[in-house]
Amino acid sequence: MNSPYMGKFRISQLYKGAAHDGLDLVGIDSKTIHSTVNGVVLYAGWENRFNHRQGFGQYVKIRRTGTQEVYYFGHLSSLLVSTGDKVRITDPIGVEGSTGRSTGSHLHYCVRAGGIKGQHRDINRISGIPNVIGIYDDGYASRLDTLQKQAQQLAFSVGDQVRVRQGAADYNGRKLADFVYRTVYTIQQISGDRIVIGLGGRVTAAMHSADLMPA
C-alpha cells in the first residue's frame, strides 16, 4: 500500500471512475500529505485564485518520472512545495484541508493520464489502497521509525567503511551479486535512510541504512 499519509488514515469516499475519479482520504495520525511518487511538481497553487471554493481549491499535481501519469492532491490547507520542484516518494508536499468544493477536511487523491480530466486511472490498483470505506495504515510510519532508530544507533557518516548484510537487496529491492556481501565499501552519500556506497569513487549501489554494518 502506498498512501499519501504516514500512519492511519480513513477512506471517506470511494473511487467510482468518471463519477468520482479518486479517493477521498482523511488523515488520523497526521494531516501532512506526502508525495507517493518520484517526479516533478507541475503545479502547486489554487485552481482558481479568485474563487477559493472552486474545484480542488489549493492543490498539487506531480508528473511521475518516466511516465505521463499525473498525480493530484486536492483541497489542501497549505502547500509545502512550489511549481517546478523535484520531489521523491515520502517528501511532504502539503497539509490536508477543505479548500475548493469541499464540505470537510480531506484529501482528494487521483491519477490522470497526461493530466487530462476524464482520463482517470484506477487509483486503487495503482496505490494498493482498498476501495472500501474504513480505516487503514500502510505501515510506513512504523517502518520509518525503526530505520531511523537503527541509523541513529549506527551513526554512519560519508567516508565510513561498511559491509552489506548478507541477503540484503538494494534500496529499490533489486537482488545484489554474491560478491557484494564479501566486499568492503565506502559511503559516498547519505540522504535520510538512503545510503550510496561504492569503491574508488564509483557508485556500487544505494542501500537502506539498516542493511549496512561497520566494516
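Along the sequence shown, residues are numbered consecutively beginning with 1.
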Partner of Leu79 by side chain to side chain contact (heavy atoms under 4.5 Å, CB included), out of Ile93, Val95, Ile33, Val60: Val60
Residue pair [X] / [Y]: nearest heavy atoms and the distance that separates them:
{"X": "Val132", "Y": "Ile11", "value": "O-CD1, 3.4 Å"}
{"X": "Thr99", "Y": "Arg53", "value": "CA-NH1, 4.1 Å"}
{"X": "Arg63", "Y": "Leu42", "value": "NH1-CD2, 3.5 Å"}
{"X": "Met6", "Y": "Thr90", "value": "CE-CB, 3.6 Å"}
{"X": "Cys110", "Y": "Gly22", "value": "CB-CA, 3.7 Å"}
{"X": "Glu47", "Y": "Phe56", "value": "OE1-N, 2.8 Å"}

Answer yes or no: is there a side-chain heavy-atom contact under 4.5 Å between [X] and [Y]?
{"X": "Leu107", "Y": "Leu76", "result": "yes"}
{"X": "Tyr171", "Y": "Met207", "result": "no"}
{"X": "Val26", "Y": "Lys31", "result": "yes"}
{"X": "His34", "Y": "Pro4", "result": "no"}
{"X": "Tyr185", "Y": "Val180", "result": "yes"}

Using atom types as modelled and distance alone, determine if a side-chain donor or acceptor of [X] lies under 3.5 Å from a backbone N or O of [Y].
{"X": "Asn131", "Y": "Tyr15", "value": "yes"}
{"X": "Asn2", "Y": "Thr36", "value": "yes"}
{"X": "Glu69", "Y": "Ala113", "value": "no"}
{"X": "Asn38", "Y": "Thr65", "value": "no"}

So Val164 and Leu212, side chain to side chain contact (heavy atoms under 4.5 Å, CB included) or not? Walk me through it. CA-CA 5 Å; Val164 178; Leu212 299 176; 3.9 Å; yes
Does one hydrophobic cluster hold both Phe179 and Val162, with members joined at side-chain heavy-atom distances below 4.5 Å? yes
Is it the case that more than 12 heavy atoms not belonging to Arg101 sit under 6.0 Å from its CZ atom? no
On the 0 to 90° scale, with breaks at 30° and 60°, tag the His108-His75 ring pair as parallel, tilted or perpendicular. perpendicular
Phe73 and Tyr109 aromatic centres sub-6.0 Å: yes
Does the structure place the NZ or CZ of Arg112 under 6.0 Å from the centre of the six-membered ring of Tyr72, at an angle of no more than 45° from the ring's axis? yes
Euclidean distance, Phe156 CZ relative to Ser209 OG, rounded to 0.5 Å: 7.0 Å
Calculate, to the nearest 0.5 Å, the distance between atoms CE and CG belonging to Met1 and Asn124 respectively. 10.0 Å
Distance-only donor-acceptor check, side chains Ser105 and Glu96, under 3.5 Å: yes
Would you please say whether a donor-acceptor pair under 3.5 Å links the side chains of Thr186 and Gln161? yes
